[in-house]
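Here's the structure we're looking at; comments come further down.
The residues of the chain are indexed from 1 along the displayed sequence.
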Amino acid sequence: MIDLGISKLALIGAVALIVIGPEKLPRVARTVGTLLGKAQRYVNDVKAEVNRSMDLDELRKMKDTVQEAARDVEQSIQSGASDFEKQFSESGQTLSALSDTAPAYPEYKHPRKNWRLKQGATPQWYKARNGVRTKALSGAARVARYRPHKIN
């Protein structure tokens with residue numbers, strides 16, 4: 001902006017004090033300050049917009065170079081594929097024969113399990129040792145089993 005030294009600012013302040021008067025000087029200084037602030041914000045906005053446009057231009061250039069590189073790679077892949085097809089056809093085989101020998105993967109089959117119906121796999125020796133009932137007893141068999149033994 002404008003390059004003002006301390007001596008120039010003091011001279012401008014003295015002239016403003018004489019011309020405007022001491023009563024109106026604070027209001028004028030406040031108005032000048034707000035105008036300078038608005039001007040600085042405007043200049044900063046313009047600088048930011050210029051920087052954004054420069055960044056966009058750089059990104060567009062980068063995008064163009066990447067697209068060109070992608071096209072080059074695509075063309076090289078297509079030329080390599082066509083060369084491979086030519087060599088393969090010259091050897092007497094066809095691509096369809098190659099595709100017939102591709103491995104066939106098995107089809108998914110649902111296991112048909114029901115997680116609610118769990119069957120325990122507790123061994124019989126463990127059940128026998130811990131007294132786990134494996135068979136239902138009738139009422140008479142239960143009475144007979146738990147009847148106190150006769151002592152002779």
inquiry  = Once you measure the plane-to-plane angle for F88 and F84, does it fall in the parallel (<30°), tilted (30-60°) or perpendicular (>60°) bin?
reply    = parallel
I need the [X] [atom1] to [Y] [atom2] distance, nearest 0.5 Å.
X	Y	atom1	atom2	value
S53	E58	OG	CD	10.0 Å
N44	N51	CG	CG	10.5 Å
K61	L56	NZ	CG	12.0 Å
R71	S76	CZ	OG	14.0 Å

ask   = If you group Ile, Leu, Val, Met, Phe, Trp and Tyr by side-chain heavy-atom gaps below 4.5 Å, do V28 and L36 land in one group?
value = yes
inquiry  = Heavy-atom count check: over 12 atoms from other residues, nucleotides or ligands less than 6.0 Å from I6 CD1?
reply    = no
task = Using a cut-off of 6.0 Å, state whether more than 12 heavy atoms not belonging to Y108 lie near its atom OH.
result = yes
inquiry  = Any non-hydrogen side-chain atom of D64 less than 4.5 Å from a side-chain atom of Q67?
reply    = yes
Taking all heavy atoms of [X] and all of [Y], pick out the closest pair and write down the distance.
X	Y	result
T65	M62	OG1-O, 2.6 Å
H110	K113	CE1-N, 4.5 Å
K127	T134	CD-CG2, 3.6 Å

key: Chi angles and distances behind the side-chain contact (heavy atoms from CB on, under 4.5 Å) call for R52, E49   = CA-CA 5 Å; R52 269 188 248 130; E49 186 65 32; 2.8 Å; yes
task = Check the pair Y42 / K38 against side-chain contact (heavy atoms from CB on, under 4.5 Å), numbers first and verdict last.
result = CA-CA 6 Å; Y42 178 73; K38 287 181 182 178; over 6 Å; no
